[in-house]
Amino acid sequence: MTDTPAPTSEATPTRDYSSTLNLPATDFPMRAGLPEKEPKLIARWDEMKLYEKLRETAKGREQFVLHDGPPYANGHLHIGHALNKILKDIITRSRQMMGYDSNYVPGWDCHGLPIEWKVEEEYRAKGKNKDEVPINDFRAECRAYAENWVKIQSEEFRRLGVEGDFAHPYTTMALASEAVIATELLKFATSGQLYRGSKPVMWSVVEKTALAEAEVEYQDYQSDTIWVKFPVVAGAPELDGAAVVIWTTTPWTIPGNRAISYSPKIAYGLYEVAEAPEGNWAKTGEKYVLADALAEAVFKQAKVTAYTKLASVSAAVLGKLTCAHPLRGLSGGYTFDVPLLAGDHVTDDTGTGFVHTAPGHGREDFEVWMDYGRELTERGISTAIPFTVDDDGFLTDAAPGLTGRRVITDKGEKGDANGAVIEALAAAGMMVARGRLKHTYPHSWRSKKPVIFRNTPQWFVYMDRPIGGGASGSNATTLRARALAAIDDTAFYPPAGQTRLRSMIENRPDWVLSRQRAWGVPIAVFRNVDTGVVIPGPEFAHNEAYAARIRAAFEVEGADAWFAEGAKERFLKGFVDDLEPWEQVTDILDVWFDSGSTHEFVLKSRPDLKWPADVYLEGSDQHRGWFHSSLLESCGVNGVAPYKTVVTHGFTMAEDGRKMSKSLGNQVLPQDVIKQSGADILRLWVASTDYWEDQRIGKKILDANSDAYRKIRNTLRWMLGTLAHYDGVAVAYADLPELERVMLHKLAEVGAEVEEGYREYDFKAVFSSVLNFMNIELSAFYFDVRKDALYCDPKSSLKRRTALHVVALLYDHLVKWLAPLIPFTAEEAWLERHPGDTSSVHLELFPTVPGEWTDAALDEKWEKVKRVRRVVTGALEIERREKRIGSSLEAAPMVHVEDKDLLTALDELDFAEICITSQIAVTDTPAPEGAFRLEDGTPVAVVPKLAEGRKCARSWKILPEVGSDPDYPDVTLRDAQALRELAAEA
RNA sequence: UGGCCUGUAGCUCAGGUGGUUAGAGCACACGCCUGAUAAGCGUGAGGUCAGUGGUUCGAGUCCACUCAGGCCAACCA
């Protein structure tokens, strides 16, 4: 520090020159008030018919179609909906601005169980019974219910700033949609891919209906338990004469037994009864195969007083074993072989270590059975699953000797089936023990009565049967092969989606399409009860005419036509000689088939869209949902996927990374965010997050986004204020000072990142690139440096005018790039610069950055300038701390640059201006001892000094020249010139 | 239990094919400015890269396991 005299300006009374400065002036408020402003902008867009204008503007451009995965028309939006729709909106808006015709048509999924429930609930409240209401009346109420929610959700989506054809959305329940969905299914029937198989479902005997898992509640129930022998008949000589013992809580399922499951992870042994009471079921000398861990408990239950283990039995032996059904020979039935199958569901906690497997009566039983299908067929064992229990709970002909016994009565009480089975087993000498067990058991939600798992006919689509005529577009022969090929042809964001979908398609069983429900599109086929032949089908001569009938009727009446009186005559007459054996199928389609067909009834039917879609975007759960069913549906019918790209997003967690739930009270509702902060804040959150993975949201995170928003807004506001003094005259690039050219270079870099980010669906890259640019390059550097020229330079100053020109360029570029992310604020900002009734940033294209803006050499040079600048600011910070200066304008540092490269970079630059000091000296002379240096090794040392001269009353710079102008003795010469020009103007 | 995935500073994110003291923005602390002012600028302090064990001259980066979390495995969408 030298002994420079303190500036004398403090003592001199100063004039307030602020009115002579070009200070920022704007009405653009610092505080956004988004909750009030956003609805007004929506109203404006409505009024100016923005959606229609977007289409008009883009007419003839290449189409880009993001096809909307339909949300379910039930309930208010949650955060997941908001994330989903905002992402879609960012995509459609950015593609539109990239120069595509990017049309977005929102859709809704309207059929299905949840709506049935709601309507039924309303019935119950009114004391009405669903079964007494004609089905089409019930369906009408479901339709009205869905309609109402479509309206509500539509408004909620729009409030998020989502732009699209909300005046003409699609719904799966539109009559035309139902017509297409039904005829799409007919295509599967026609090509022979649809077949009638069977599968166990939860069934309520009392209500005579299938139940969903959600309609079932678990209550305590007392079951009869039995331990039963399955005599070994083949496979292992060492087990001759032994029996595999199973345990079950449902004796009535014994007639349905077709296999025994064991676990390769459990140790088994061959045991012999050494001693048992007279007349005991388990007799001395009998040999049982049991899990070692459970043998003792079994013998105790069987009242066996002594037993011995003869040998261990390996899993390899068990796998080859064949047993006889314990009722073999009863009424001439049960002659089939019972194989042993390895299953993961088998444990050695309870029972015997062997699980009685009745594929018609349990999910796991069914799965094990189906998994072994091919192997069983090779062993000569029929894989057919018997229908041992009918709708009313009676054992059928498929249970010889027990036919007519009842599992559960109309009233929901236990029938006589269990007793009869036990009696028959005992008579056959196959009982080991019996007991009772109190445990939780599924009961119907409605009747509170126990339900059963029973085999029921269902409609399936083959995954692995070669597809014959009627379908086209692919060489692959089976649905699975086609789907796998289609997955290879699809781009996935993130890439893991491909693996996930592929492994699902590889492993999935045949596609079950039928549901025994009311609110949906029917499987509009007929089945010949004598021959099993289905219409339509590969052999049927009138497939097209039949489909045309269905389609024509559904287009006018909707799927209700199928459920109306006389449907059989109406649709079948003239196609068959005798209507009598033809049974109308009343099952409806799984709603996944509905939404899986949207590409057909939306993309193909609307001229303003195209097929296939460019993008499907949904949550990662949709790998087994919409992505999956759309793929199968389209591969079955078209041979290829209905999409080119699949984008998935993760789930939204609470702030601690855990699932949101009502009970934990950690939910964030989009409605609340919108009310408190505005939709743009929510959208900024979406833009900032890595949505490919699970994201978090909460107060802290939203606050951080509000802060980012404020920074963006304030920076735009300052630019607007400054531009109030811009006359709109452009300056040629060649005439720009280096600083301006560097900013344009940076802008070009940001532009490349923005473009790449939008193209690759990486919005957080766009967000951080723009935000960092605004923070670091603009707010903290360029604007800070240029304020002097912008505020103080004379009107005529080229520097001032070029800066204004560049600020205007920066402003328009940034606002456009931000438009897809924060459409409300971007619009508000755009209109400040480009007002007009028909003006909208959303009608603009992203700017093309001129190639001449890119100047890597200049950028490199200025990075050096900034390195030196950092040393200067570091030195000034010390001065500030020591209270020698406050403002940097009080300083006039001496900068010793010890590197030739760095020194050259400063040539011909007004380095004082860049460092925002009043004066500065740059030299290559060695720095004195004690000069300030940065620890990072920059070869620059700074010796701070106070600026000499008087403080300019206008620009606050301290310069010796102040006082030398006779007219304006209290300002610098530059400021004097500015004042002179101002005076001349007046 | 199986399929797919995640775990880097308080928060949101960067960290090609393994290679110098792990980066940014925000938030935080301290200071400056008071002509972007419920603003602006500067400086600074924050990380055993979930953990353990391996491969390697060398691992946030590769491998295995463990822990924590998420989605899927519904006549739910």
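A, B, ... follow the sequence lines: proteins, then strands. Residue 1 opens every chain. The model shown is predicted, which means the values in this text are computed figures rather than measured ones.
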query = Does Ser768(A) have a side-chain nitrogen or oxygen under 4.0 Å from the phosphate oxygens OP1 or OP2 of rA24(B)?
reply = no
Short side-chain N/O contact to rC26(B) OP1/OP2 from Tyr709(A), under 4.0 Å =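 Negative; the distance criterion is not met.
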key: Pairing residues for Phe932(A) by the ring pair (Phe, Tyr, Trp, His ring centres under 6.0 Å) criterion, not counting sequence neighbours   = none
I need the [atom1]-[atom2] distance between [X] and [N], as an integer number of Å.
X	N	atom1	atom2	value
Gln498(A)	rC72(B)	CD	P	21 Å
Ile697(A)	rG69(B)	CD1	P	22 Å
Glu506(A)	rA73(B)	CD	C1'	16 Å
Asn22(A)	rA36(B)	CG	C1'	15 Å
Asp694(A)	rC13(B)	CG	P	11 Å
Phe767(A)	rG25(B)	CZ	P	14 Å
Leu684(A)	rG25(B)	CG	P	18 Å
Ile588(A)	rA77(B)	CD1	P	9 Å

Base, sugar-phosphate alone, or nothing: which one does [X] contact when heavy atoms must sit under 4.0 Å apart?
X	result
Arg658(A)	sugar-phosphate
Lys699(A)	nothing
Asn772(A)	sugar-phosphate

Selected nucleotide, minimal atom distance to [X] side chain, candidates [options]:
X	options	answer
Thr689(A)	rA77(B), rA36(B), rC13(B)	rC13(B)
Leu23(A)	rA74(B), rC32(B), rG35(B)	rG35(B)
Lys659(A)	rA77(B), rG70(B), rA14(B)	rG70(B)
Tyr791(A)	rA77(B), rA68(B), rG35(B)	rG35(B)
Asp690(A)	rC13(B), rC72(B), rG25(B)	rC13(B)

key: Residue pair His725(A) / Leu804(A): nearest heavy atoms and the distance that separates them   =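 The pair with the smallest heavy-atom distance is O-CD1, 3.5 Å.
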message = Below 4.0 angstrom, which residues in residues 70-79 of chain A have at least one non-hydrogen atom near RNA chain B?
response =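 Per residue number, the list reads Tyr72(A).
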task = Report yes or no: is there a donor-acceptor pair, N or O only, under 3.5 Å between the side chain of Trp592(A) and the base of rA77(B)?
result =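 It does, because a donor-acceptor pair links the side chain of Trp592(A) to the base of rA77(B) below 3.5 Å.
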request  = Between protein and nucleotides 2-11 of chain B, map the contacts as a letter string: B base, S sugar-phosphate only, - none, heavy atoms under 4.0 Å, written 5' to 3'.
outcome  = -BSSS---SS
request  = Could you encode protein contacts along nucleotides 37-43 of chain B as a string, one character per nucleotide from 5' to 3', using B for base contact, S for sugar-phosphate-only contact and - for no contact, with a heavy-atom cut-off of under 4.0 Å?
outcome  = SBSSSBS
ask   = In terms of the nearest nucleotide of RNA chain B, which residue is placed more toward the 5' end: Met202(A) or Leu716(A)?
value =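 Mapping each residue to its closest nucleotide by heavy atoms, the 5'-most match is Leu716(A).
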ask   = Given that Gly657(A) and Val201(A) both sit by RNA chain B, which one's nearest nucleotide is further toward the 5' end?
value =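 Closest to the 5' end, via its nearest nucleotide, is Gly657(A).
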task = Quick one: list whatever passes side chain to side chain contact (heavy atoms under 4.5 Å, CB included) with His76(A), sequence neighbours left out.
result = Trp149(A), Ile152(A), Glu156(A), Gln671(A)
key: Under the side chain to side chain contact (heavy atoms under 4.5 Å, CB included) test, residues paired with Arg933(A) that sit two or more places apart   =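 For Arg933(A) the side chain to side chain contact (heavy atoms under 4.5 Å, CB included) partners, ignoring immediate neighbours, are Glu898(A), Ala927(A), Ala941(A).
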inquiry  = Anti or syn, where syn is a glycosidic angle within 90° of 0; which label fits rG7(B)?
reply    = anti
inquiry  = Just by distance, no angles: are the side chains of Ser779(A) and Lys711(A) close enough, under 3.5 Å, to form a donor-acceptor pair?
reply    =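 Distance-only check passes for Ser779(A) and Lys711(A).
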ask   = Hey, does the side chain of Tyr791(A) reach the backbone of Arg786(A) with a donor-acceptor pair shorter than 3.5 angstrom?
value =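 Such a contact is absent between Tyr791(A) side chain and Arg786(A) backbone.
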